[in-house]
Amino acid sequence: MPASRPRWTRLHWMRGRVEETENGGRTLEWIGCDDAGAPIARVVRVQGPLFSGWRCYRAVALDSDARIVELRPPPPEGAGWLACVGGQVVGRAAQPLAAVRTAEAALTQG
Amino acid sequence: MTEYSLDKIRNIGITAHIDAGKTTTTERILFYTGMSHRIGEVHDGNTTTDYMDQERERGITITSAAVTCEWKDTRINIIDTPGHIDFNIEVNRSLRVLDGAVFIIEGVAGVQPQSETNWRLADRYNVPRIIFINKLDRTGADFYRAFATLKEKLDIVALPLQLPIGIEDQFVGVIDLVEMKAIVWEGGELGAKFHDEPIPEAMLEQAKEYRQTLLDTALSVDDAAMEEYFDKGDVAVETLKRCIKAGAISGAFRPVLCGTAFKNKGVQPLLDAVIDYLPSPVDVPGISVAAEEGEDETLDRRRIKADVKAPFAGLAFKIINDKYGTLTFVRVYAGTLKSSETVMNTTKGHRERIGRMFQMHADKRVEIKEVHAGDIAAFVGLKDTGTGDTLADASDPVVLERMAFPVPVIDISVEPKTKESVEKMTLGLQKLAGEDPSLRLRTDQETGQTILSGMGELHLEIIIDRLKREYGVEANIGAPQVAYRETISRPHTEIYTHKKQTGGSGQFAEVKIVFEPLERNAGIVFENKVVGGSVPREYIPAVEKGIRVQAETGVLAGFPTVDFKYTLVDGKYHDVDSSALAFEIAAKACFRDGMKKASPIILEPIMDVEVTTPQDHVGDVVGDLNRRRGMIQNQDSSGSTIIVRAHIPLKEMFGYISDLRSMTKGRASFTMQFHHYDPVPRNIADEIMSKSA
Ligand SMILES: Nc1nc2c(ncn2[C@@H]2O[C@H](COP(=O)(O)OP(=O)(O)OP(=O)(O)O)[C@@H](O)[C@H]2O)c(=O)[nH]1
Ligand SMILES: [Mg+2]
C-alpha cells in the first residue's frame, strides 16, 4: 500500500488588483484565501519592461502592498505569473491557473 | 437558412503548403455539409473546388473557388487556396476578405517552410486561425511531433483541443478535450458513421493532463471564467468554448484539431470548431477604409462595421471569366444590395448596375435576389470593376483598403502556332490578365512579340494551358527570362523633327521633350508645358501615346522603361501636313533618341530569399549565396535548423532548387519573393544587351 498522500490544500481564489486597459480591465493578481477568509497566497502577473526616467526594468510585479518591485534576475520567457505564499515566491508559470496550482502545491507540501 | 443573422455566417479560408490536403478537406466539408452528394478525390480528377481542367490533371489548386455550404444552421463560405508560391496572389486576396482560416499541416512532416510562408501571410492580415493536423493515417504520422513543430517553427502558443486515438492505419478517432469524450469513426469510407464513447482507460491520465493545459491557457483570457473555475473546480462547456473563441480571435493561442481528411475522420468536429471558434463577421473589427493620398498608412482609419442597415460597401476580390460571362466575386462588408440596383465603383469613380447575383455551391450556382453585410456573392454584368475595387452606395462612397499585388518577375514570349489566331490569342490573354493581377501583357515594339510577365514558370505554364483550353489558341513560348526593367539616370532634353514628303501630302511634327529620372516605383509621369499652341492641343494625346507605347520597349535591351518623367516643352506643326499620327511617330523617335543620351541603365529584380537548412550545411549554403551575388540579411536559428535570409538577383536563382538539394542532400528548402529593383552591374548589363541585339 502506498502511503496516503497529504490532502490537497484548496484555497478560495478571488480577483485582486485590476489594471484599466482600453478594452476593460486586466487582472494583475489573484488572491488565495483559506477557509477562514485570510489571504495566504497570491499569484501575480509579471509585467515589463517598465521605463522610469532613464532606467528600464525588464520585469516587475506588484507586491502584496501593491508596490511595484523589480524582479531580479528577470524570470525566463514564458513565465508570465509568479506564485507567492507568505511573501515568498514559490514558483512560476505561463498561465495564472497553473500558478494557482503551484501555490497550492507548495502549501500542500507544507 | 431562412432568417438572416450575421452571427450565423463564417467566411473562412483553408490554407497550407502545397499538397497538405486543402482540396481534399474542402471536398469532405462539402460532402458532409450535404451540398455535394458525390465525393471527389483529387487523384481521380473530379473534385468540385478544383474546377479548372488543369487542376484536375495536375492535382493542385490554382484558382480559389468561393463555395457556400451550411452546417448546423450556419452558412459557411469557404475559399480553397493554392499552396504553391507562384499563386501567392490567390492566397493574398483570399486572406484579405476572410474572417478566419483553417490552417492545415501534415501529420508526418509537420510545419514545412512553405507552411511558414503562408502562416506569415495570414499574420499580416491578422486572420484568426484554427489548425488541423491532417494525414494522421499515413505511415510515419506522429501527432505530437507535428504539434511540436508548431511551436518550434511558428513560435505560437498551439493549444490541442483533441488528441488522436491510435495512429497510422490504427487511427480510429479523437479525444475531445473540451467535452472529455472520445469520438470514434466506424470506418474510413466516405460518410462513415461515428459515435461518442468514454475516453479509453489507457488514455485517461494523458487526456486529463492535456485538458488541464487547455483550461490553464484558455481560461486565462477571461477572468469571469477563472472565477467560475475557482467556484466549481471546472467550467461549463459553454464557458470553455467562449474562452477558446476569444483566444482564437485575439491570437492569444491557436486551437489545434486533428484527423485524416482522406480517410474521413475528424472532418465533422472540424466543422463544429469552425462554427464554435472562428469569428462571424460581427466578431471582427471590420475592414479599414483606404488611406487618403499622402496620409500616414500606419495610422488607424475609419472601419466599416458589419451592419445590414448601413449603406452598402463591398470589395471585389476575384474575377472569373467563363462561358456565362464575367463573374465578379464580392465580399460585402456593410448594407444590403438587391439585384438590378446601382452602386458606385468608388475606386474608379463610375456607376455599376448589378445584374444577377449568385452564390456558388461548387459547380452549381444558386441565384439570389439580395446579398447582405458579411456575405460573399458573385455578381454578373459589371462593366468595369477590377480585382481590389470597392463598390459602395453613393450616399457613403467609401474606398476600402486596397490589396497589395505581387510584382511579376518572369517573362516569356508567346506566339500563336498559326498566324490566323493572333487576334484570338491577344483577346484571350487580355481576359486572363483581367482575372489575374499578377499577370501582365505587353508587345515588344521592335520584334512585335507578345510578352507575358508572371510570378514563376508554373504560373505562366498554366496560363498558356488555359489559353489553349478556354480560348482554343495553341501557342509557342520562349524560354523563361528575368523581367528586367530600364530607366535613365540623368536628365536630357531632346528635339525631334518628323518630316516626310512622299508624293502628295506630307507628314510633319516636331517635339521637344525633357526626360528626367524618378525614384524607384514612381512609374511614368507626364507633364505638358507647351505654351502658345506650338503643339496644338488635339495632338498632345498622340505624343503621350507615342511615349507610352515606345516605353514598353527600352532602348538598351528592349525591356519596359520605368520611373521617369517626360515633359513636353515645345514643338512645331504644319497646318496641312501635321496629324496625330505624325506626332505619335515623332514622340516615339524622340524617346528612342533621347533615352540613349539620358544615361540609360538596366534594372533587375532582387528577391528576398529565405533558405532553411540544417546546421551542418549552413557554411555551404551561405558561400553559395555569396557566389550568386547575394547580400545576406540575417541568420536565425530555430533548434538545429538555420534560416538564412538574403537579397539575391532573380537571375542567379534559376536552377537554385536543384543546386540546393544536391548541396544539402535534399535537406534544405527555400522560398523567395520579389523585394525591389536594382541596377545591374556593368558586366551583366553588357551580357543582357548583347543577347538582345
Ligand atoms: N493519406 C492521406 N492522404 C491525404 C490526406 N489528405 C489529402 N491526401 C492526399 O494528399 C494529396 C494532396 O491533397 P490535396 O487535397 O490536393 O492538397 P492541397 O493542399 O489542396 O494541394 P495544393 O492545392 O496543390 O496546394 C492528394 O493525393 C490527397 O489524396 C489524408 O488525410 N491522408
Ligand atoms: Mg488544392
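Here the structure is a predicted model, which means the values were calculated and not measured. In the text below, chain A, chain B and the rest are named by the order of the sequence lines, each starting its count at 1.
Rounded to the nearest 0.5 angstrom, B:D222 CG and B:K245 NZ are separated by 13.5 Å.
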Passes side-chain hydrogen bond (donor to acceptor under 3.5 Å, both in side chains), B:T239 versus B:E228? Steps please.
-> CA-CA 9 Å; B:T239 306; B:E228 182 181 332; 2.8 Å; yes
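The greatest number of non-hydrogen atom pairs below 4.5 Å with chain B, out of A:R26, A:R10, A:R101, is found for A:R101. Looking only at heavy-atom pairs under 4.5 Å with chain B, the residue among A:G80, A:A94, A:A98 that has the most is A:A98.
For a residue to count as touching a neighbouring chain, one of its non-hydrogen atoms must lie under 4.5 Å from one of that chain's; by this rule A:V18 does not touch chain B. Only the side chain of A:W30 comes within contact range of chain B, with heavy atoms under 4.5 Å apart.
Here the options are B:I105, B:D123, B:V111, the test is side-chain contact (heavy atoms from CB on, under 4.5 Å), and the partner is B:L154; only B:V111 passes.
Side-chain atoms of B:R129 do not come within 3.5 Å of backbone N or O of B:A101 as any donor-acceptor pair.
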